[in-house]
Amino acid sequence: MRRAHFDVVIAGASLAGCTAATLFARQGLSVVLLEAHRDPNHYKRACTHFIQPTAWPTISRLGLGAAIRQAGGQPNRLSIWTRWGWLDFPGPAGHTGHGEIGVNIRRAQLDPLVRAQAAREPRVTVLMGQRVSQVVVRAGRAVGVRAGDPGRETEYFGRLIVGADGHRSRVADAVGPAVTSPHGRFVYFAPFTGVGLPDDASRMWMLEPDIAYAFPNGEVTILSVMPTLDQLPDFRKDLRGNYFARLGRLPDGPDLSRAEQVGELSGVLNYACAARPPAAPGLALVGDAAMTSDYLWGTGCSFAFRSAAWLVDATAPELIRGADPQVGLRRYATQHRRALAGHHRLMSDYATGRAFNPVERALYAGAVRDPLLARHVAAFGERRIGVRQFLAPGMLARSVLANRPRPTAAA
Ligand SMILES: Cc1cc2nc3c(=O)[nH]c(=O)nc-3n(C[C@H](O)[C@H](O)[C@H](O)COP(=O)(O)OP(=O)(O)OC[C@H]3O[C@@H](n4cnc5c(N)ncnc54)[C@H](O)[C@@H]3O)c2cc1C
């Protein structure tokens, strides 16, 4: 069997893998990026293209901000329909007050951009058509991976092995089983041109328990419906009819009178939430490989960008010194857990298909009426603050005040 040696071996050349490869290479480390697909323009189909503003610092660090805008990336200001009214996330279009911009950009554009950026780095070797089949472990430590067509495989050795191979990660098998929770909703979505949306803003309908959303990205608008799983058998009896009927019933829904469907109606029926330890001896997981959260909240891409950058910052100093990156890996795992584990637990709980609980009801209803609470809910939705801060007693008290009955004019 052929053998090759690099400082860092990365499985999966999508958002997380390409980000890690580019940033490791810029620190002077040699990287091999192994991608199962053969087409350099391959992109993830099951995605609705809403990229949170918290991804922006990493996108800027990669040097991709201008290219994303040129490729049609559209600022993604969000409004959420609730039974109490519309909740408009504050700030001028796309800006959060933190100098960061969330964008809607099609993965057909984004993935090749991120991959081409990695391939431009002289220290990155991108190998398409190299499906990783197993992690090579010696003395309890990951030291390499085996990849390539059966019978013509190569072993790639590195001082750090990175699993960026998505929610069905093969590399993650080396760290043990994921903690999974089933998804209680399914989604059908399709791209359209000519959809009428006020301000061209992204819109989400929290219909409790069903959900729908419209994400425009300059070129097309993705329209999605997300009913609870118990409705799937009836829904499938007339897929297109039910999909359009649900879009047509949305309160303040999109104007579809000039809409033209420009791509297939796709469904995702079973996409369990899953979390794994993000690090093990000699090995790290980034993006969906580490944590696959409910796609409803549009957080997966930003988690992929952010976790890859955290990994590089935590482990590169040891790798550059020629040391074992164990301290850095522990630091990465801690940062990952602190920043994302609480969000993941809450998202997984909501993914069961339940309606809002009393606390969420109070906060969302309050946010419709109180701009400060709206900013608070926005900061949480963008995963800028954690669960504890979201549920801070001061904010809950403020939501009780915002929701108290107002005296009527007659009284
Ligand atoms: C219906 C749906 C809608 C979504 N909408 C949004 C949204 O609007 N906003 C958002 O932020 N997130 C969304 N997500 C989540 C988002 O798609 C993922 O979180 C994101 O793509 C994760 O990026 P990644 O780089 O970790 O993994 P991926 O993008 O999944 O990439 C994994 C890469 O690894 C490769 N690979 C897999 N196995 C191997 C192997 N054995 N060897 C080598 N290579 C391998 C794959 O070919 C792929 O290139 C959505 C998800 C779904 C299902």
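Heavy atoms only: backbone and side chains are in, while hydrogens, waters and symmetry mates are out. Predicted, not measured: the structure shown is a model, and the values here were computed from it. Note that ligands are numbered from 1 as they come in the structure, with each ligand's atoms numbered from 1 the same way.
- Residues W297 and F50 are not in side-chain contact: their nearest non-hydrogen atoms beyond the backbone lie 4.5 Å or more apart.
- When heavy-atom distances to ligand 1 are checked against a 4.0 Å cut-off, H37 comes that close only through its side chain, counted from C-beta outward.
- Shown here is R26, whose CZ atom has more than 12 heavy atoms of other residues, nucleotides or ligands within 6.0 Å.
- Below 4.0 Å from some heavy atom of G166 lie the following atoms of ligand 1, by number and element: 27 (O), 30 (O), 32 (C).
- Contact annotation: for D111 versus ligand 1, there are no heavy atoms closer than 4.0 Å.
- Residues forming a side-chain hydrogen bond (donor to acceptor under 3.5 Å, both in side chains) with Q130 (at least two apart in sequence, or on another chain): Y156.
- Contact annotation: for A164 versus ligand 1, heavy atoms closer than 4.0 Å belong to the backbone alone.
- Electrostatic pairing of R123 and D7 does not count as a salt bridge here, judged by no charged N lying under 4.0 Å from a carboxylate O.
- Proximity of Y271 to ligand 1, defined as any heavy-atom pair under 4.0 Å, is confined to the side chain (atoms from C-beta onward).
- Given atom 52 (C) of ligand 1, the protein heavy atom at minimum distance is A46 O, 3.1 Å.
- A heavy-atom separation below 4.0 Å is found between R107 and ligand 1.
- At a heavy-atom cutoff of 4.0 Å, ligand 1 is contacted by the side chain of A304 but not by its backbone.
- When each atom of ligand 1 is checked for a heavy atom of G300 under 4.0 Å away, the hits are 10 (C), 11 (O), 12 (N), 19 (O).
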Could you please spell out the steps behind the salt bridge (Lys or Arg N to Asp or Glu O under 4.0 Å) verdict for R354 and E360? CA-CA 12 Å; R354 66 169 174 79; E360 290 160 345; 2.8 Å; yes
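- In terms of polar-atom proximity, defined here as any N/O pair under 3.5 Å, A16 does make such a contact with ligand 1.
- Note on ligand 1: I51 sits outside its first shell, no heavy atom being nearer than 4.0 Å.
- Both the backbone and the side chain of T48 come within contact range of ligand 1, each with a heavy atom under 4.0 Å.
- Listed by number with element, the atoms of ligand 1 under 4.0 angstrom from any heavy atom of L15 are 25 (O).
- Side-chain N/O atoms of Q117 and R120 include a donor and acceptor closer than 3.5 Å.
- The salt bridge (Lys or Arg N to Asp or Glu O under 4.0 Å) pairs that include a residue from residues 277-301 number zero, where partners must be two or more places apart or lie in different chains.
- Within the 4.0 Å heavy-atom cutoff, Q130 counts among the residues contacting ligand 1.
- Residue contact check: V268 has heavy atoms under 4.0 Å from atoms 1 (C) of ligand 1.
- Of the polar atoms of C301, at least one N or O is found under 3.5 Å from an N or O of ligand 1, judged by distance alone.
- Between D313 and R61, at least one side-chain N (NZ, or NE/NH1/NH2) sits under 4.0 Å from a carboxylate O, which counts as a salt bridge.
- Looking only at protein heavy atoms, the nearest one to atom 6 (C) of ligand 1 is C47 SG, 3.5 Å.
- For ligand 1, the polar-atom distance check finds an N/O of S14 within less than 3.5 Å of one of the ligand's N/O atoms.
- Annotation: R107, atom CZ; neighbour count of heavy atoms from other residues, nucleotides and ligands within 6.0 Å is above 12.
- Annotation: F186 is in aromatic contact with F235 [ring centroid separation under 6.0 Å].
- Interface atoms of ligand 1 facing D288, defined by a heavy-atom separation under 4.0 Å, are 18 (C), 19 (O), 22 (C), 26 (O).
- Considering backbone and side-chain atoms together, F189 places no N or O closer than 3.5 Å to any N or O of ligand 1.
- Every atom of ligand 1 with a heavy atom of F50 under 4.0 Å away is listed here by number and element: 7 (C), 8 (O), 9 (N), 10 (C), 11 (O).
- Below 4.0 Å from some heavy atom of G287 lie the following atoms of ligand 1, by number and element: 26 (O).
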Chi angles and distances behind the side chain to side chain donor-acceptor pair (under 3.5 Å) call for D210, Q231: CA-CA 10 Å; D210 296 348; Q231 303 171 67; 3.0 Å; yes
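- Cation-pi geometry between R246 and W205 is not satisfied (NZ or CZ under 6.0 Å from the ring centre, within 45° of the ring normal).
- Atoms of ligand 1 found under 4.0 Å from any heavy atom of R131, numbered from 1 in the order shown, are 41 (N), 42 (N).
- Under 3.5 Å, the side chains of W81 and D252 contain no donor-acceptor pair of N or O atoms.
- No donor-acceptor pair closer than 3.5 Å links the side chain of R3 to the backbone N or O of F157.
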